[in-house]
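A note on names: the letters A, B, ... follow the listed sequences, proteins ahead of strands, and every chain is numbered from 1.
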Amino acid sequence: MRISKTRFLDLLRCPRFYDYTQSVGDTIDPLDQDILEHLTGDAEDLETLTKAQEAVLNGLHERVEREASTWVRQRLGGHTIDLDTSGGQHHVERSVHGHVWTAELDILNPTDTGVHVIEVKASTTSELSKLDFKLNGVYHPVFVKNNHVHKLVEETAPYLETALQEKYLKARKNLFDRLHKVGRHVYDLAFQRFVYEGSIDYDSAKAHTYYLALLNKDYHHDGQETYDVVNGEHVISLIDLTTITEELQSVVAEDVRQVVDYIDQHDNRYQNLIKACQKGTPRACPYLTQCNPYLKVDYNVDELMGSSYKDTARFAHQESKPMIADLDEADRSKKPKWRMQYDAIVHDTIHVDQASLKAFLSHLEYPVYHLDFESFAAPLPRFKGEKPYQQHVFQVSLHIEREAGMCDNTLDHVEFLAEDHRDCRHDVVAFLLEHIDLSAGGTVLVWHKTFERERLKELALAIPKYASELQHIRDAVVDLKDGFLGKGALPILYKKALHGKYSIKFVLPAYTSITYEGMAINNGLLAATTYATYPVIDPAHFDHVLDAMRTYCKQDTWAMVTLLDVCRNLIEQNSTD
DNA sequence: TCCACCCATTCCGCTTTAGA
DNA sequence: TCTAAAGCGGAATGGGTGGA
């Protein structure tokens, strides 16, 4: 059998995976899954994209590879074999235990002194820097950057004092965990190395260095066409993982052996929900609901608020209680929220914390500006001051409610939409300052305030001239979600239709009749990808597409107007009792 | 005076949730 | 893919107490 890296990692999940591929068949084309994973993380939301749009999105990832390639040539010299060379990515394979293991090396870079092998990831150094640890209030790095290359601190300062050593080893251990955010990239590289070093292409007489190429989270673009070093930072960071991947070779060899055993054994025994299922992530096992059919059923224990996959595994598997209604008194009393959810399902109770809801509403000042941003995050920054994956706001919707309940869907609505890919930050700021007037008080209402507040902060940084005005808007932001979820041990509002969730996707159908069904653009991710693919949209349809985007964004803020009304009505009903 | 022990508080890392 | 906030639980810290 030929086993690619992706296939190998899937088979390694659990003993049962191989049997599923035999009996159920592949549920998702591995190639498609890779594209989806990189670009959106949610397969459902991409269904309406055309092939041309998919190609554009895929190209964004390829651009990162090209930048990495350019940077490798500049930094390390030599001659690179990559996407753009005749053969494309360098294919390698190795025969072990009667199977052929294959890998595609993103960049192979032979120089006079040795060979560099580089795996490019379209993710940032953010998680890498989170490995850093604190001792006595002082932060210590796990990777040290020298001459634009990150190396393990042990390779630059080998003698660490004992207390540091202990903490360091703990942080370092994450690099060996293939399910860890950084570790999975390291493991990928280690597998590439395993295959490469057993292939006919490998020349053991040469020195080999293994790098991960990531986007540098500390890079701020200078707005130029090409990516040069700006303030000592380059958009690509190279991580030297030669030592770690060397140590990982025995682990990979053991895992390869393990996969062969899984294939030979045809083990289809009952499998508990484990971390390797990657539930709730873009890398979730495609057979998750085959192993755990209860996950498809409404009101299962996975809906319990604040529960982890371990809780789900314990209830559903160990204790055979897959439904919230199955929970006994002891389970329910563990968390007030769990009891509330149980009551909502079993007794159909509707939870309303009148006092907290009143308090929330009394804090609102009118006019209330119902605000929503749509934005797009490009892996490679496009405009001056932007970082990799920085969210660029391209659309704003605003419903203005002058007095409680006084808001017309059309008359009190204003919007901004960028119709091309030029830097629109100034336009967005001008729009906000023109329409949001807080001089006589007022509230800026959003759903999930972290998002809009971060964008306002970035806009203030990008356009310092209006920093204080933007800060003023930012200070006036109130999260409508707080009126539902609240801050206490129990939410302010709950009913079983929420399924334990407070995203707009669940709240809207639970409390209103507003629906996004039948809309060409019906979620934020689709709006963002549509913006990203402007250049390939058929000009004959372009106006139609812009209309669809406007309709969607307008509906988002109108939904908030409606939900605020729902809150007020819940109070009124009670006070007339 | 020292130290073991208990309990309460704080710190820290990890996970979950939400937005695009 | 990214980010921040919040919650959780375990580890670390620190104060008080009592016995040697």
Test applied, side chain to side chain donor-acceptor pair (under 3.5 Å); reference residue, A/E386; option that passes from A/H392, A/Q391, A/H221: A/H392
Among [options], which is the nearest nucleotide to the side chain of [X]?
X      : options                : value
A/S308 : C/dC2, C/dA6, B/dT15   : B/dT15
A/W447 : B/dC14, B/dA20, B/dA18 : B/dA18
A/S123 : B/dA18, C/dT1, B/dT15  : C/dT1
A/H448 : C/dC2, B/dA18, B/dA20  : B/dA18
A/S503 : C/dC2, B/dG19, B/dT15  : B/dG19
A/T450 : C/dT1, C/dA4, B/dG19   : C/dA4
A/K501 : C/dT3, B/dT17, B/dT15  : B/dT17
A/Y389 : B/dA18, B/dC14, C/dT1  : C/dT1
A/D372 : C/dC2, B/dA20, C/dT1   : B/dA20
A/E454 : B/dA20, B/dA18, C/dA4  : C/dA4

Under 3.5 Å, is there a donor-acceptor pair linking the side chains of A/T557 and A/S397?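 A/S397 and A/T557 do have a side-chain donor-acceptor pair below 3.5 Å.
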Which atom of A/R13 lies closest to which atom of A/R283, heavy atoms considered: NH2-O, 2.7 Å
Check whether any side-chain nitrogen or oxygen of [X] sits under 4.0 Å from OP1 or OP2 of [N], and answer yes or no.
X      : N     : value
A/R184 : C/dT1 : yes
A/R283 : C/dT1 : yes
A/K449 : C/dA5 : no

Angle between terminal axes - the helix from B/dT1-C/dA20 to B/dA20-C/dT1, 5 pairs each end, rounded to 10°: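 Overall, the helix from B/dT1-C/dA20 to B/dA20-C/dT1 bends by 10° from one end axis to the other.
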Please say which of A/Y502, A/F506, A/W447, A/Y494 ends up in a ring-ring contact (aromatic ring centres under 6.0 Å, His included) with A/F484.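 Result for ring-ring contact (aromatic ring centres under 6.0 Å, His included) with A/F484: A/W447.
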Using a cut-off of 4.0 Å on non-hydrogen atoms, how would the nucleic acid contact of A/L485 be classed: base, sugar-phosphate, or nothing? nothing
Checking all strands, does A/D556 fall into the base, sugar-phosphate, or nothing category for heavy-atom contacts under 4.0 angstrom? sugar-phosphate
5'-most contact on DNA chain C: A/K335 or A/K387, nearest heavy atom basis? A/K387
Which whole-number value in Å describes the distance from A/Y219 OH to C/dC2 P?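 So the OH-P distance, A/Y219 to C/dC2, works out to 18 Å.
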Under 4.5 Å between any side-chain heavy atoms of A/N300 and A/F315, yes or no?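 Sidechains of A/F315 and A/N300: no contact.
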Centre of A/F176's six-membered ring, under 6.0 Å away, within 45 degrees of the axis: is that where NZ or CZ of A/R172 sits? no
Check for me whether A/K495 meets the cation-pi criterion with A/Y511, that is, NZ or CZ under 6.0 Å from the six-membered ring centre and within 45 degrees of the ring axis. yes
